[in-house]
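The structure appears below as structure tokens.
What you see is a predicted model; the values in this text were computed from it and never measured. As the structure lists them, so they are numbered: ligands from 1, and atoms in each ligand from 1.
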Amino acid sequence: MKFTLNLMAASAALALSLSAQAGEVEVLHWWTSGGEAKAAQGLKASLQAKGHTWKDFAVAGGGGDSAMTVLKSRVVSGNAPAAAQIKGPSIQEWAREGLLQPMDEVAKAENWDGVLPKVVSDIMKYQGHYVAAPVNVHRVNWLWANAEVLKKAGVKAAPANWDEFFVAAEALKKVGVIPLAHGGQSWQDFTVFESVALGVGGADFYRKALVQLDPATLGGPTMDKVLETFRKVKSYTDKNAPGRDWNLATAMVIKGEAGMQLMGDWAKGEFVAAGKVPGKDFICAAAPGTAKSFTFNIDSFALFKLKNKANQQAQRDFASAVMSPSFQELFNLNKGSIPVRTDLKMDKFDDCAKLSNADFLATAKSGSLVPSIAHGMAVPSATEGAIKDVVSQFWNNDTVTVAQTKQRLLSAAKSL
Ligand code: GAL
């Protein structure tokens with residue numbers, strides 16, 4: 001009898017301690033495409049392996065504009081998720097509101113300072129404290145192409161500059177395929193714009209115009225060339241582009257309906273999820289004129305303050321899982337990006353990822369590593385939104401002139 005009672009007490013205590021440890025992590029993200037969802041699945045699995053519950057808070061919409069709107073309303077109603085996909089300067093904006101939870105304990109125990117490049121850790125910290133955990137490094141300045149379609153059109157190699165791009169686009173048109181797959185959503189227009197700006201103007205121009213928002217550069221003669229090139233690029237997209245999701249544009253390249261796409265390397269996740277092989281079925285190349293530069297886009301999860309003790313523990317375990325070598329490898333193999341840790345081997349990664357990794361390190365040294373403005377890495381979110389609108393208006397309305405757009409860019413840059 002005594003034994004049975006002891007046993008009951010012991011099992012009750014065990015149940016209590018397990019339930020005290022097991023928490024729930026609600027995670028806001030916008031990874032709903034094929035490749036993205038596969039990548040996110042790995043994170044969910046590693047959390048569940050620690051006994052926690054994953055509460056999925058996925059808000060569809062590439063680039064995350066809808067996700068950010070939903071996040072704001074949730075936070076305003078006092079119901080923030082444990083973790084939200086928030087990037088770049090926005091991390092500082094949320095932290096300034098006093099809403100984010102410092103993760104120093106985990107970061108210190110796991111030596112985040114030692115394994116992250118400084119350009120990354122600086123973004124994750126607010127006043128010296130880690131308030132977000134980075135997942136990957138995406139490169140935005142990529143061009144994706146269907147290898148067979150290029151061959152059919154007689155295009156021997158991916159275009160190395162914008163002149164070559166237009167020659168290739170003409171050749172693709174002649175064989176009856178859409179030269180450039182595009183999804184007409186403002187963030188996608190902006191993604192193409194920043195690659196054109198980088199390719200036409202170079203990294204110094206990009207930094208001055210789109211990171212430092214220098215008026216003389218924003219309104220200078222190189223911007224004329226950028227905008228003219230950008231408008232010409234549009235003439236090689238199809239009339240059904242407006243509103244199309246980015247992954248459907250990628251699918252057009254995968255199926256050979258279109259020849260090329262200008263998109264960050266989350267597009268590679270779609271090719272890979274469709275069983276396509278880089279170098280054989282599809283080509284990855286730096287966007288025209290940008291081989292020596294790198295626009296970076298780092299996905300990260302900002303961690304919100306929570307009240308429940310078990311959920312706080314689950315949140316710490318989440319941060320630790322995000323940074324773990326095994327997760328970083330698995331996630332990035334599916335996502336198309338590269339691990340953010342500098343201490344991981346790249347042998348399981350394909351040539352596109354190896355090129356990205358080598359270029360990330362080389363451009364960090366040469367000074368041509370620049371933050372992506374279209375993906376929330378370069379300027380405060382309000383300024384980014386204002387500039388994005390100007391770029392989209394120019395792309396969508398041929399009656400808007402280059403001169404008008406330069407003026408509008410200058411006022412948008414001051415719109416803080
Ligand atoms: C980017 C994000 C990527 C990918 C892409 C398309 O902003 O960093 O992870 O999700 O949007 O939705």
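- Of the candidates Asp113, Leu100, Val106, Asp113 is the only one forming a side-chain contact (heavy atoms from CB on, under 4.5 Å) with Tyr130.
- Counting the atoms of ligand 1 from 1 in the order shown, those under 4.0 Å from a heavy atom of Gly63 are 6 (C), 7 (O), 11 (O), 12 (O).
- Shown in contact with His375 at under 4.0 Å from a heavy atom are these atoms of ligand 1, numbered in order with element: 1 (C), 7 (O).
- Taking every non-hydrogen atom of Asn297 and a distance limit under 4.0 Å, the qualifying atoms of ligand 1 come out as 1 (C), 2 (C), 7 (O), 8 (O).
- Tyr126 does not carry Arg96 over the face of its six-membered ring by the limits of under 6.0 Å from the centre and within 45° of the normal.
- Listed by number with element, the atoms of ligand 1 under 4.0 angstrom from any heavy atom of Gly62 are 12 (O).
- Not one N or O of Trp266 is nearer than 3.5 Å to an N or O of ligand 1, by distance alone.
- The distance from ligand 1 to the heavy atoms of Lys335 drops below 4.0 Å at these ligand atoms: 3 (C), 4 (C), 9 (O), 10 (O).
- Partners of Lys292 by salt bridge (charged side-chain N to carboxylate O under 4.0 Å, His left out), not counting sequence neighbours: none found.
- The salt bridge (charged side-chain N to carboxylate O under 4.0 Å, His left out) search around Asp224 returns Lys406, not counting sequence neighbours.
- Annotation: atom 8 (O) of ligand 1 to nearest protein heavy atom, Asp299 OD1, 2.7 Å.
- Checked against the 6.0 Å centroid threshold, Trp162 and Phe230 do not count as a close aromatic pair.
- Near Glu36, meaning under 4.0 Å from any of its heavy atoms, are these atoms of ligand 1: 4 (C), 5 (C), 6 (C), 10 (O), 12 (O).
- For the ring-ring contact (aromatic ring centres under 6.0 Å, His included) criterion with His375, the lone passing option out of Trp266, Trp30, Phe190 is Trp266.
- A distance of 6.0 Å or more separates the ring centres of Trp246 and His182.
- Atoms of ligand 1 found under 4.0 Å from any heavy atom of Trp246 (numbered from 1 in listed order, with element): 6 (C), 12 (O).
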